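One structure is given below, encoded as structure tokens.
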Amino acid sequence: PQPPPAVPMADDGMSASQLRQRYGRGGTAADSDLSASQLRGRYGVENKQFGQSNDNTMQMIVGAAVCFVVMIGMLFYLKSAGH
């Protein structure tokens, strides 16, 4: 069995202004007809790269662990100083 013939993209022959009218904010294409990438572009949402996050999650985890160790150390010190 042969694969079906390739179907050309419907918007290959459209100019940039026609594409903006169709896919841009307030465009004629419904949100349900757009891909995730097109929706992000339409509404100006950044593509989140979860593997390359710039937040300080790891620093916060290390800081919390250090605080926990310091507090446990203080508890043992205060407990031993009381006897």
Side-chain angles (χ1 to χ4, degrees):
Q2 292 183 345
V7 178
M9 295 288 290
D11 56 9
D12 277 355
M14 299 174 87
S15 69
S17 62
Q18 289 171 321
L19 289 171
R20 279 191 298 273
Q21 288 174 350
R22 184 171 183 182
Y23 297 121
R25 191 172 297 220
T28 57
D31 285 352
S32 60
D33 295 333
L34 301 180
S35 69
S37 177
Q38 290 169 326
L39 283 170
R40 284 192 300 270
R42 176 179 272 187
Y43 294 106
V45 176
E46 274 189 46
N47 186 12
K48 179 69 174 164
Q49 297 287 330
F50 290 103
Q52 303 170 355
S53 87
N54 290 331
D55 60 354
N56 297 324
T57 304
M58 192 60 181
Q59 290 177 352
M60 290 177 63
I61 291 171
V62 170
V66 168
C67 288
F68 181 74
V69 169
V70 169
M71 292 176 79
I72 295 297
M74 287 175 54
L75 284 173
F76 279 116
Y77 174 77
L78 291 175
K79 188 175 181 182
S80 66
H83 286 195

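As the structure is a computational prediction, the values presented were derived from the model and not from experiment. All heavy atoms count here, side chains included; hydrogens, waters and symmetry mates do not.
When hydrophobic clusters are built by joining Ile, Leu, Val, Met, Phe, Trp and Tyr residues whose side-chain heavy atoms come closer than 4.5 Å, directly or via intermediates, Ile61 is not grouped with Val69. Following chains of ILVMFWY side-chain contacts shorter than 4.5 Å, one can reach Phe68 starting from Phe76, so the two form part of one hydrophobic cluster.
Ser35 pairs by the side chain to side chain contact (heavy atoms under 4.5 Å, CB included) definition with Ser37, Gln38, not counting sequence neighbours. Looking at residues two or more places apart in sequence or on another chain, you find a side chain to side chain contact (heavy atoms under 4.5 Å, CB included) between Val45 and Arg40, Tyr43. For Ser15, the side chain to side chain contact (heavy atoms under 4.5 Å, CB included) test picks out Ser17, Gln18, with sequence neighbours left out.
For the atom pair CE of Met60 and OG1 of Thr57, the computed distance is 7.0 Å after rounding to the nearest 0.5 Å.
Listed by first and then second residue, the salt bridge (Lys or Arg N to Asp or Glu O under 4.0 Å) pairs that reach into residues 26-35 are Asp31-Arg42, sequence neighbours excluded.
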